[in-house]
Amino acid sequence: MTFSFHAPTALEYFESLVKSDEQFPLLEAAASIAQDEYPELDVQQVLGDVDQLLARLKRRLPADAAPLQRLRALNQFFFHDLSFGGNVNDYYDPDNSYLNAVLRTRRGIPISLAVLWMELAHGLGLQARGVGFPGHFMLKVTLPKGQVVIDPFTGKSLSREELSERLEPYKRSNGLVGDFDVPLGLYLQPATPREIIGRMLRNLKEIHHAQEDWQRAIAVQDRLVALLPEAWGEYRDRGLAHAEQGNSALAVRDLETYLAHAEEALDIDTIAERVAALRRAES
C-alpha cells in the first residue's frame, strides 16, 4: 500500500484558516498573507515570536494589575520600548502589510500594527477590538470607566474631538453632512476578523494595481475570493488582472462570474464588452 501526502499550498492553507467565522485565527491568517512574497515563511515561527513578546510583557505586570495599568504597560512596551510605529518614510511598501517584516523592522501601517497590538492586548485580558475607521484603522479598548480609542500608527489616544476632526474630509467627500450626518459612534463599530483580513488584502491589492504588478495582484485576489466568496467585485478585479497578464480563459471565467451576479452594477456593459473582446482574441 502506498500513501500520497499533499502539502497544502499557501492559498489552501489560507483557505483552511478563513473557512469559518467561529474561532477565526486572526493573527495566523494575517501572518499567512506574507507567504505569497516569502514562500519559505514559517507562520508558526511568527506566532511564536509574538508569544515571546507577550511573555516578556507579562513579566512586567503583577497578576492583579488593573485594566488601565495593563493598557499603559502594553503601550509603553509596544510603542516606546520596542518602538513599533508607522512607516512614514515608505508607507506603500508591501512589507508594511507582512507581519514577519513588521516584527523585524518594527514599522508598518495602522492595520498590521493593530493586529500585533491586539494579540498582546488579548493576552493581557484586555477587551480590545479593531475599528475600521475611514481611511485609518483604529483600536478600541473597553475599560471599567469607559472606552479608549488608540491610533496604532502612533500609539496616541484620541479624543472625540480629534476623531470628529479626522472624519470631516471623509464626510464632506461622501456627502455625509447636514441632514445626512451620522453619529461618531457608528464609525467606531468593531471590525470582525474577516473584515480585518479583507482590509489588509485590499491594501496590498491597491499597491499592486498602482504598480501594475499583475502577478502579485492576482495572488492577493485569490485570497480575497477565498475570504469573501460572494464579493463579486473581487472576481471582476481578478479577471481584469488576468486579462492584463494575458490569461484570457481565466479572465473570461472571472468576468462572467461577475456578470452573472452583479446584475445592477454600473459597469455591466463595459465588462460585457471586455468579455466579448477577450473571446474574439481567443478565437
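Along the sequence shown, residues are numbered consecutively beginning with 1. Here the structure is a predicted model, which is why all the values come from computation and not from measurement.
Using a cutoff of 4.0 Å between basic side-chain nitrogens and carboxylate oxygens, Asp269 and Arg274 are not scored as salt-bridged. Between Asp254 and Arg238, at least one side-chain nitrogen of the basic residue sits less than 4.0 Å from a carboxylate oxygen of the acidic one, meeting the salt-bridge criterion.
Between Trp214 and His209, the distance separating the two ring centers is shorter than 6.0 angstrom.
With sequence neighbours excluded, the residues forming a side-chain hydrogen bond (donor to acceptor under 3.5 Å, both in side chains) with Tyr258 are Arg236, Asp267, listed by chain and number. Residues passing the ring-ring contact (aromatic ring centres under 6.0 Å, His included) test with Tyr235, sequence neighbours excluded: Trp232.
Environment of CD in Gln211: crowded, with over 12 heavy atoms of neighbouring residues, nucleotides or ligands closer than 6.0 Å.
Taking the six-membered ring for Trp and thresholds of 30 and 60 degrees, Phe84 and Phe78 have nearly parallel ring planes, at less than 30 degrees apart.
For the side-chain contact (heavy atoms from CB on, under 4.5 Å) with Val46, the qualifying choice from Leu103, Leu116, Asp51 is Leu103, the only one to do so. Tested against Gln221, the residues His242, Glu234, Arg202 include a single side chain to side chain donor-acceptor pair (under 3.5 Å) partner, Glu234.
Smallest separation of non-hydrogen atoms from Ser32 and Val43: CA-CG2, 3.8 Å. When every heavy atom of Leu126 is checked against every heavy atom of Pro67, the shortest pair comes out as CD2-O, 3.5 Å.
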>> If you apply the rule side chain to side chain contact (heavy atoms under 4.5 Å, CB included), what do you find for Val220 with Leu224, and how did you get there?
In response: CA-CA 6 Å; Val220 171; Leu224 275 165; 4.3 Å; yes
